[in-house]
Amino acid sequence: MQLRLAALAVSAWLALSAPILAQQAPTSQTASVPTVTFTLDFPQSTPEHYSISVQAGGHARYECTGKIAPDSDDQPYQTEFQISAGNRERIFDWAKQAKYFAGKIDSGNGKLAFTGAKVLTYHDGQRSNTAQYNYSNLEPVRQLTSLFQGMAETLEYGRRLAYYHRYQKLALDEELKRMEAQARNNELNEIQGVAQVLREIVDDTSVINVVRARAQALIKMGTGTAGGR
């Protein structure tokens with residue numbers, strides 16, 4: 001009887017453990033996928049903190065903490081999307097040119113204005129490097145910084161649009177006007193990264209037609225090879 005109870009206990013433990021082990025397995029696999037991450041912390045800016053991670057296969061993740069409105073509390077936000085092939089290739093080419101951030105990348109010039117604490121990280125199955133900087137003299141690092149900051153600006157539009165669509169629809173028109181103007185001036189990239197929220201606006205018949213048309217136009221802009229740039 002005791003042996004039967006013990007066998008049942010072992011079977012129950014294995015049944016409970018199987019889902020946990022299944023969930024843990026992808027974690028080690030994900031750690032071996034080449035990934036470049038850009039992080040910015042800039043107090044008193046909006047948002048004060050964000051990070052963008054891009055995997056070699058093109059899967060990207062954006063996370064931030066910040067306020068939507070001056071009188072609102074800090075809210076965490078995250079979204080995932082597929083980055084354009086062109087920008088994916090640029091990111092990993094520039095990371096390679098910067099030696100995967102294995103050394104110092106900051107200019108060391110303390111007289112330059114502070115523009116936020118920036119961190120570039122690269123990891124794959126063989127290496128894991130992290131470098132902090134305010135400003136860099138290295139061209140590939142400057143290119144990466146510009147690209148990631150442009151992506152963040154686009155993704156922040158997505159965050160605000162999602163908020164306004166849910167809580168303040170009258171603010172959508174002005175927000176989309178600004179976004180459309182920047183997109184036409186090639187000041188945004190990876191517009192397809194916010195396609196989901198734009199599509200939700202287009203499909204919402206309670207939103208006025210001119211706003212839905214602006215959202216539809218931005219979706220079309222995001223179908224370009226560089227997602228708007």
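What you see is a predicted model, and the numbers here were worked out from it, not measured in a lab.
- For the pair Thr154 and Ile191, the tightest heavy-atom approach, listed with the atom from each and the gap, is CG2-CA, 3.8 Å.
- Between the Arg90 side chain and the Leu147 main chain, no donor and acceptor come within less than 3.5 Å of each other.
- Rounded to the nearest 0.5 Å, atoms OH (Tyr133) and CG (Leu138) are 10.0 Å apart.
- In this structure, His123 NE2 and Gln55 CD are separated by 7.5 Å, a value rounded to the nearest 0.5 Å.
- Relative ring orientation between Phe38 and Tyr50 is described as tilted, the plane-to-plane angle lying within the 30° to 60° band.
- The cationic group of Arg160 lies under 6.0 Å from the six-membered ring centre of Tyr157 and within 45° of the ring axis, placing it in a cation-pi geometry.
- Interatomic distance, Leu120 CG to Thr145 OG1, rounded to the nearest 0.5 Å: 5.5 Å.
- Across every non-hydrogen atom of Val202 and Ala215, the tightest pair is CG2-CB, 3.6 Å.
- A distance-only check finds no donor-acceptor pair linking the side chain of Thr65 to the backbone of His49 [under 3.5 Å].
- For the pair Glu174 and Lys177, the minimum side-chain heavy-atom distance is below 4.5 Å.
- Considering every non-hydrogen atom in both Glu63 and Arg61, the closest pair reads OE2-NE, 2.7 Å.
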### Task
Please assess Val36 against Phe148 for the test side chain to side chain contact (heavy atoms under 4.5 Å, CB included), listing each intermediate value before the final yes or no.
CA-CA 11 Å; Val36 175; Phe148 278 121; 4.1 Å; yes
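- Considering only heavy atoms from C-beta on, Arg159 stays 4.5 Å or farther from Thr79 through its side chain.
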### Message
Run Val194 and Met179 through side chain to side chain contact (heavy atoms under 4.5 Å, CB included) and show every step you take.
### Response
CA-CA 11 Å; Val194 298; Met179 184 177 181; 3.7 Å; yes
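- Residue-environment remark: NZ (Lys99) stays at or below the threshold of 12 foreign heavy atoms within 6.0 Å.
- Between the OG atom of Ser206 and the CD1 atom of Ile201 there is a distance of 10.5 Å, given to the nearest 0.5 Å.
- Judged by distance alone, with hydrogens and angles left aside, the side-chain atoms of Asn134 form a donor-acceptor pair with the main-chain N or O of Thr115 at under 3.5 Å.
- Between Arg214 and Asp173 there is a side-chain heavy-atom pair separated by less than 4.5 Å.
- Put simply, the side chain of Gln82 gets close to the backbone of Gly57: a donor and an acceptor are under 3.5 Å apart.
- Between Tyr122 and Tyr100, the ring-plane angle classifies as tilted under the 30° and 60° cut-offs.
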### Task
Could you check Leu144 against Phe101 for side chain to side chain contact (heavy atoms under 4.5 Å, CB included), going step by step and ending with a plain yes or no?
CA-CA 12 Å; Leu144 281 166; Phe101 324 127; 3.8 Å; yes
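- Between Lys67 and Thr46 there is no side-chain heavy-atom pair separated by less than 4.5 Å.
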### Query
Is there a salt bridge (Lys or Arg N to Asp or Glu O under 4.0 Å) between Arg142 and Glu139 once you walk through the steps?
CA-CA 5 Å; Arg142 291 205 299 265; Glu139 183 61 20; 2.5 Å; yes
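- Using modelled atom types, one finds a donor on one side chain and an acceptor on the other under 3.5 Å when comparing Tyr62 with Glu156.
- Within 6.0 Å of atom CD in Glu80, more than 12 heavy atoms from other residues, nucleotides or ligands are found, so the atom counts as buried in its surroundings.
- Gly222 and Gln192 get closest at one heavy-atom pair: O-CB, 3.5 Å.
- Distance check, rounded to the nearest 0.5 Å: CG of Leu170 to CD of Glu175 gives 13.5 Å.
- Lys220 has its side chain within reach of Gln216: a pair of non-hydrogen atoms, C-beta onward, lies under 4.5 Å apart.
- With a 4.5 Å cut-off on side-chain heavy atoms, Met221 and Leu188 do not count as touching.
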### Task
List the steps, then state whether side chain to side chain contact (heavy atoms under 4.5 Å, CB included) holds for Val33 with His59.
CA-CA 11 Å; Val33 175; His59 181 264; over 6 Å; no
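- Atom-to-atom distance recorded for Asn137:CG and Asn109:CG is 8.0 Å, nearest 0.5 angstrom.
- Closest non-hydrogen pair, Ala98 versus Val141, comes out as CB-CG2, 4.0 Å.
- Side-chain contact between Lys118 and Gln149 is present, with heavy atoms from C-beta onward closer than 4.5 Å.
- One N or O on the side chain of Glu48 and one on the backbone of Gln44 form a donor-acceptor pair closer than 3.5 Å.
- Salt-bridge formation is not detected for the pair Arg212/Asp204: no Lys NZ or Arg NE/NH1/NH2 atom is positioned less than 4.0 Å from an Asp or Glu carboxylate oxygen.
- Taking 4.5 Å as the limit, some side-chain heavy atom of Ile83 sits within range of a side-chain heavy atom of Ile91.
- Ser146 places no side-chain N or O within 3.5 Å of a backbone atom of Gln143 that could act as its donor or acceptor partner.
- When all heavy atoms are compared, the tightest approach of Cys64 to Pro47 is CB-CG, 4.0 Å.
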